[in-house]
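Just so it is clear: chains get the letters A, B, ... in the order the sequence lines come, proteins before strands, and each one is counted from 1.
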Protein chains: 2
Amino acid sequence: MRYRDEHKELLVKEKAIEMIVREGLDGFSMQKLAKEAGVSPATLYIYYKDKEDLLIQLGYEEATRLIKAILKNFDPSMRFEEGMRIQWRNRADYWLESPVKASFLEQLKHSPLRGQVFEALDMEFLETMGAFMHNAIANKEILPMTREVFWSVAYAPLYTLIHFHTDGISLAGNPFRFSEEIMWETFAVVMKALKA
Amino acid sequence: MRYRDEHKELLVKEKAIEMIVREGLDGFSMQKLAKEAGVSPATLYIYYKDKEDLLIQLGYEEATRLIKAILKNFDPSMRFEEGMRIQWRNRADYWLESPVKASFLEQLKHSPLRGQVFEALDMEFLETMGAFMHNAIANKEILPMTREVFWSVAYAPLYTLIHFHTDGISLAGNPFRFSEEIMWETFAVVMKALKA
DNA sequence: ACAATAAATGAACGAACATTCATTTATATT
DNA sequence: AATATAAATGAATGTTCGTTCATTTATTGT
């Protein structure tokens, strides 16, 4: 039998992500993708059940890579500060090294496909993070707080800076390293506030 | 001559925003909007030049309301802490009171229309904020920093919490008031970090 | 009552859309 | 070399899209 052309398959994925980032999810169409990847429209339906399936599969695949990148060198049993700093840098690295793929994931996260792409993956990821937080609490490194407050303090400023960066706004100095320090010192503030 | 039915015009705007928030910018179409608003498709082209014009006008209008809401009771000559806290609460109030419209603006901000909708308005708004920061610096209430770092510290955690809230995630306790205090105390951290 | 005028309409246009299908092409096994 | 099999295709399907236009409707000033 004839084997699937993996180069072609990869090209389709690449062009799809490119087009979505360039023209938005509404500017994306199967016929345009086929033309851009130099493939028949019908071929896309060999790889994917339909348009939605294509988007979900691509999103799931890239989201998996993101989570893997975030958890690189990370272990839930780490000391809190070390774990936080590693994740912080992993996140910054991923976004700065793969801005197009990051923007693709961002678009999916703000679309109706959000649930189908991220729900299962996020559950697993949040369990790991939950274990990490639980350890930190047990070790009295942090006081109990909700995941949401934790997130808003730990990573929101970073992502905001990254978005400025992605939008082509020049960030003088080294705001990322700077922001990491702010993140860490802010936790001290939160600890104090939660005690009061 | 016959006058324009203002009730109909308002209904069109309302349904358009509803549909965009519900189905995303790619799920939005002129024919569906016409049907949902009980209007002929041709009528939409009396109100708006074309689909893009409709989105830009609606976006511009709502963005104007948002900026007005943010600047309510605010004056650039205020003391820094007072000004910050007023803006902080204004932002929280707008999002919590008008989640649908806020989500609509969010979608436009992540779309190719971004520039045409927000550029001119943001320029004006950023001038006001620039004056506020300049005053605070002149009064030695804050040290100089870029707009981006300022934003990431001042409002990023708030918006993150708001997004959790909009997604229907319950926020135990009163994380918004809590987050305001964190914001303010974090500025103390930033001041210290910038001095070092 | 009538003329003037702009709002509002339903039907229609070609273009682009997602998807399908009969056919052809390439390869692994016999 | 012949066969089997799945990949790959180009053309075509029906649907929905944005937009237009000839016509009708409602309201003002005469």
Side-chain angles (χ1 to χ4, degrees), chain A residues 1-61 104 107-108 111-114 116-117, chain B residues 1-61 104 107-108 111-114 116-117:
Chain A
M1 69 156 198
R2 185 174 177 182
Y3 277 144
R4 196 177 282 190
D5 185 339
E6 289 178 23
H7 172 70
K8 205 162 266 185
E9 212 179 342
L10 279 173
L11 193 68
V12 164
K13 287 181 184 177
E14 200 181 302
K15 292 288 179 188
I17 292 176
E18 261 180 46
M19 189 186 300
I20 289 166
V21 169
R22 181 170 15 95
E23 307 184 34
L25 272 170
D26 48 324
F28 171 79
S29 87
M30 296 297 263
Q31 313 211 67
K32 267 158 65 180
L33 172 58
K35 180 168 269 180
E36 219 165 285
V39 155
S40 163
T43 305
L44 301 176
Y45 288 84
I46 296 171
Y47 299 161
Y48 306 99
K49 188 173 141 287
D50 52 27
K51 185 186 176 186
E52 187 175 293
D53 181 51
L54 184 152
L55 293 171
I56 291 175
Q57 278 199 45
L58 255 61
Y60 189 88
E61 206 170 300
F104 165 63
Q107 299 231 26
L108 280 183
S111 85
L113 294 173
R114 185 201 168 110
Q116 290 171 84
V117 174
Chain B
M1 67 156 199
R2 185 175 178 180
Y3 278 144
R4 196 175 284 190
D5 184 338
E6 290 177 23
H7 172 69
K8 205 162 268 186
E9 213 179 341
L10 279 173
L11 193 68
V12 165
K13 288 182 183 176
E14 201 181 301
K15 292 287 178 188
I17 292 176
E18 262 181 46
M19 189 185 301
I20 289 167
V21 170
R22 181 172 12 98
E23 307 185 34
L25 271 169
D26 49 323
F28 170 79
S29 87
M30 296 297 263
Q31 312 212 59
K32 268 158 63 179
L33 171 59
K35 181 168 271 182
E36 219 166 285
V39 156
S40 164
T43 305
L44 301 176
Y45 289 84
I46 297 171
Y47 300 161
Y48 306 98
K49 189 174 140 283
D50 52 28
K51 185 187 176 185
E52 186 175 295
D53 182 51
L54 182 152
L55 293 171
I56 291 175
Q57 278 199 45
L58 254 61
Y60 188 89
E61 206 171 298
F104 165 63
Q107 300 232 26
L108 281 183
S111 85
L113 293 173
R114 186 201 168 110
Q116 290 170 85
V117 174

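- One interatomic measurement links the two molecules: CG of A:Leu55 to P of C:dC17, which rounds to 14 Å at whole-angstrom precision.
- B:Glu61 pairs by the side chain to side chain donor-acceptor pair (under 3.5 Å) definition with B:Lys13, not counting sequence neighbours.
- Dashed line: the shortest gap from a side-chain N or O of B:Tyr47 to OP1 or OP2 of C:dA8 is under 4.0 Å.
- When rounded to the nearest whole Å, the span between CG of A:Leu11 and P of D:dA8 equals 12 Å.
- Among residues two or more places apart in sequence or in another chain, the side-chain contact (heavy atoms from CB on, under 4.5 Å) test is passed with A:Ala16 by A:Phe28, A:Leu33, A:Leu54, A:Leu58.
- Residue B:Leu11 comes nearest to B:Ala37 through the heavy atom pair CD2-O, 3.5 Å, listed as atom of the first residue, atom of the second, then distance.
- In plain terms, the two heavy atoms of A:Val117 and A:Ile56 that are nearest each other are CG2-CA, 4.0 Å.
- For B:Lys35, there are no side-chain contact (heavy atoms from CB on, under 4.5 Å) partners two or more places apart in sequence or in a different chain.
- Residue B:Glu6 contributes atom CD, which lies 15 Å from atom C1' of C:dA6 at whole-angstrom precision.
- Taking atom NE2 on B:His7 and atom P on C:dA8, their separation rounds to 12 Å, with Å as the unit.
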Extract from the structure each pairing of a protein N or O with an N or O of nucleotides 26-30 of chain D at less than 3.5 Å, listing the distance.
| residue | atom | partner | partner atom | Å |
| --- | --- | --- | --- | --- |
| D:dA26 | O4' | B:Arg2 | NE | 3.4 |
| D:dT27 | O2 | B:Met1 | N | 2.9 |
| D:dT27 | O2 | B:Met1 | O | 3.2 |
| D:dT28 | O4' | B:Met1 | N | 3.4 |

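- Rounded to an integer number of Å, the gap from A:Leu54 CG to C:dT19 C1' is 13 Å.
- Whole-Å rounding puts the B:Tyr48 OH to C:dA8 P distance at 12 Å.
- Evaluation of the side chain to side chain donor-acceptor pair (under 3.5 Å) rule for B:Arg22 yields B:Glu36 as partners, not counting sequence neighbours.
- Computed from coordinates, the A:Lys49 NZ to C:dA18 P distance equals 15 Å when rounded to whole Å.
- Without hydrogens or angle criteria, A:Lys32 side chain to A:Gly27 main chain gives a donor-acceptor distance under 3.5 Å.
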Which letter, B, S or -, goes with each nucleotide of nucleotides 9-18 of chain D from 5' to 3', with contact meaning a protein heavy atom under 4.0 Å? BB------BB
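- By the 4.5 Å heavy-atom criterion applied to side chains, B:Lys8 and B:Tyr47 are counted as neighbours.
- With contacts defined as side-chain heavy-atom distances shorter than 4.5 Å, the pair A:Ile46/A:Arg4 qualifies.
- Look at CE on A:Met19: it is 13 Å from C1' on C:dA16, rounded to the nearest Å.
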